[in-house]
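Within every chain, numbering begins at 1; the chains are lettered A, B, ... in the order of the sequence lines, protein sequences first and strands thereafter. None of the values given here were measured: they were computed from a predicted structure.
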Protein chains: 2
Amino acid sequence: MLTVSLVEDDEDIRQSLAILINGANGFQCLAQYGDCPSVIADIQKNTPNVLLMDIGLPGMSGIEGIKIIKSMLPKLDIIVLTSHENDNYVFESLCAGACGYLIKDTSPARLLECIKEIYEGGSPMSTQIARMVVTSFQKKTENPLSPREMDVLNHLCTGRSYKIIAKTLFISEETVRRHIKSIYRKLQVHSNTEAVAKAFRDKLI
Amino acid sequence: MLTVSLVEDDEDIRQSLAILINGANGFQCLAQYGDCPSVIADIQKNTPNVLLMDIGLPGMSGIEGIKIIKSMLPKLDIIVLTSHENDNYVFESLCAGACGYLIKDTSPARLLECIKEIYEGGSPMSTQIARMVVTSFQKKTENPLSPREMDVLNHLCTGRSYKIIAKTLFISEETVRRHIKSIYRKLQVHSNTEAVAKAFRDKLI
DNA sequence: TGTAAAATGACCCTTTTGTGGCATTGTGGC
DNA sequence: GCCACAATGCCACAAAAGGGTCATTTTACA
């Protein structure tokens, strides 16, 4: 028996979901919650196989809730079920620890299938959402830095000093310094840490 | 008419795929290649809507090939079609620029569906592969750094000097220095750039 | 209640960085 | 051939960071 708990502030939707789950063969709705604090208080006593949660909740945001729940039960599979296919919500939910992301117009049959999928180690999401995720994975094709500057930047990321970088690349320390100045100008930063952080955020490395 | 080109070293498989695609309504196989150099040489003259490629190719690896092709045609949709569901291949392919990842036992009907999906802005992949991608997205739940150390690290990532961090956090510069020493010890690094790089790689921030 | 970890602060000294300006050589595109 | 840009190099000085060693207070947990 696959147990599912629900977090959803809309009474009607919550009831419908519970009926759907309890009516399906092999599924059982373990608990229902209307907000984050209640699920956080109860989830360790009543742990379901899968948690289905809305993120547009009153009070504490669902994203925050996911983070807290995940810190308590790292292995719990959480599916976000929301009405908006907004980019930020998708990324924030997945970063926070959700493993699946569905929009509310998902058909009942597909919803049950997704619950089964996540339980079996999958990550159900629409193919459009998968594209968002994959795209954010990929390195930038337009890179303002020259190949040599990338060399220097890569060495910088491993914590090497200018002196060591110079030796490694067979150039003088002054040239390393020159490349770094150029990197700072192009990335619009003013220190090595900021350059490294920007390089990671912009997916240059 | 949706045009598809193939990169696959196995003559038989390539022929079967071409027959499948040409036989389907609304699909056309534009070109076939047996290795990366040939597709790289020809793809700009004969650009398909979707490129279906194996990555276990003789000579230049498919991953390298994808990088080069993507740098020439950033908007081309590439589906990796491979026999192994190996973690590294998945990540490397997606990082290199592939938008879909299918294993070779995908049914002909599903394959056509996937080609259509990627063309329509989706990212076809199995739900297990989606899980790998999503997992690699998520922040670490075990974080060796204390909350205060995380504060300092976050400021470090924005390129702030110890002096500024001290002012912002209402502590002395010496305490900032102390936290940083502690961060270095825990992350086993010896410079600010290395700490920032490790924090990003370990998904602490 | 004791102990460990977190958070705070200080001093000293060496090394590294950031920034300013200046200059040469090669390479690819128009 | 000219121009932009990448890549190379040098000097000097102020600011920042790294690595020691020292210490106190609070908090959390067994």
To the nearest 0.5 Å, tell me how far B:Asn154 CG sits from B:Thr168 OG1. 12.0 Å

Gap between atom OG1 of B:Thr141 and atom CG of A:Leu73 - 0.5 Å precision: 11.0 Å

Distance-only side-chain donor-acceptor flag, A:Ser182 / A:Glu149, under 3.5 Å: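 The answer is yes; a qualifying pair exists.
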
Decide side chain to side chain contact (heavy atoms under 4.5 Å, CB included) for A:Val7 and A:Leu52; before the verdict, give the C-alpha distance in whole Å, the side-chain angles of both, and the deciding distance to 0.1 Å. CA-CA 6 Å; A:Val7 190; A:Leu52 210 58; over 6 Å; no

Quick one: is A:His179 getting a side-chain N or O under 4.0 Å of the D:dA6 phosphate, OP1 or OP2? no

Does a side-chain N or O of A:Ser172 approach OP1 or OP2 of D:dT8 to a distance below 4.0 Å, or not?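 For A:Ser172, the contact criterion (side-chain N or O under 4.0 Å from OP1 or OP2 of D:dT8) is not met.
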
Net bend of the helix from C:dT1-D:dA30 to C:dC30-D:dG1, end axes of five pairs each, nearest 10 degrees: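 Answer rounded to 10°: the end axes differ by 70°.
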
Side chain to side chain donor-acceptor pair (under 3.5 Å) partners of [X], counting only residues at least two apart:
X	result
B:Thr47	none
B:Asn49	B:Thr3
A:Tyr33	A:Asp42

Could you please spell out the steps behind the side-chain hydrogen bond (donor to acceptor under 3.5 Å, both in side chains) verdict for B:Arg148 and B:Ser146? CA-CA 5 Å; B:Arg148 205 54 167 166; B:Ser146 73; over 6 Å; no

Of the residues in [range], which ones touch DNA chain C at a heavy-atom distance under 4.0 Å?
range	answer
residues 161-170 of chain A	A:Ser161, A:Tyr162, A:Lys163
residues 182-205 of chain B	B:Lys186
residues 147-158 of chain A	none

When you check the gap from the basic side-chain N to the acidic O, do [X] and [Y] get nearer than 4.0 Å?
X	Y	answer
B:Glu64	B:Lys67	yes
B:Arg131	A:Asp77	yes
A:Arg178	A:Glu174	no

Name each donor-acceptor pair under 3.5 Å that joins a side chain in residues 196-205 of chain A to protein atoms two or more places apart or in another chain, with its distance.
from	atom 1	to	atom 2	distance (Å)
A:Lys203	NZ	A:Ser136	O	3.0

Expected string for nucleotides 20-30 of chain D under the B/S/- scheme (protein heavy atoms, under 4.0 Å, primed atoms plus P, OP1, OP2 as sugar-phosphate) is BBB--------

Suppose the criterion is salt bridge (charged side-chain N to carboxylate O under 4.0 Å, His left out): which pairs have a residue in residues 28-41 of chain A, not counting sequence neighbours? none

What is the 5' to 3' range of DNA chain C, first to last nucleotide, that sits under 4.0 Å from any heavy atom of chain B? C:dA6 to C:dC11

Does any non-hydrogen side-chain atom of B:Val80 lie less than 4.5 Å from one of B:Ile66?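 Counting from C-beta outward, B:Ile66 and B:Val80 do come under 4.5 Å.
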
Are the side chains of B:Ile43 and B:Leu76 in touch, meaning some heavy atoms are under 4.5 Å apart?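 In short, these two side chains touch, coming nearer than 4.5 Å.
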
Show which side-chain atoms of residues 14-29 of chain A pair as donor or acceptor with protein atoms under 3.5 Å away, not counting sequence neighbours.
from	atom 1	to	atom 2	distance (Å)
A:Arg14	NE	A:Gln32	OE1	3.3
A:Arg14	NH1	A:Glu8	O	2.9
A:Arg14	NH2	A:Glu11	OE1	3.1
A:Ser16	OG	A:Asp12	O	2.8
A:Asn22	OD1	A:Cys29	N	2.9
A:Asn22	ND2	A:Ala18	O	3.4

5'-most contact on DNA chain C: B:Thr175 or A:Glu173, nearest heavy atom basis?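 In this pair, the answer is B:Thr175.
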
Test side chain to side chain contact (heavy atoms under 4.5 Å, CB included) on A:Ile40 and A:Met60 and set out the steps. CA-CA 11 Å; A:Ile40 290 167; A:Met60 185 192 295; 4.0 Å; yes

Tell me if the NZ atom of A:Lys186 is crowded by more than 12 foreign heavy atoms within 6.0 Å.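 Atom NZ in A:Lys186 is crowded, with more than 12 foreign heavy atoms closer than 6.0 Å.
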
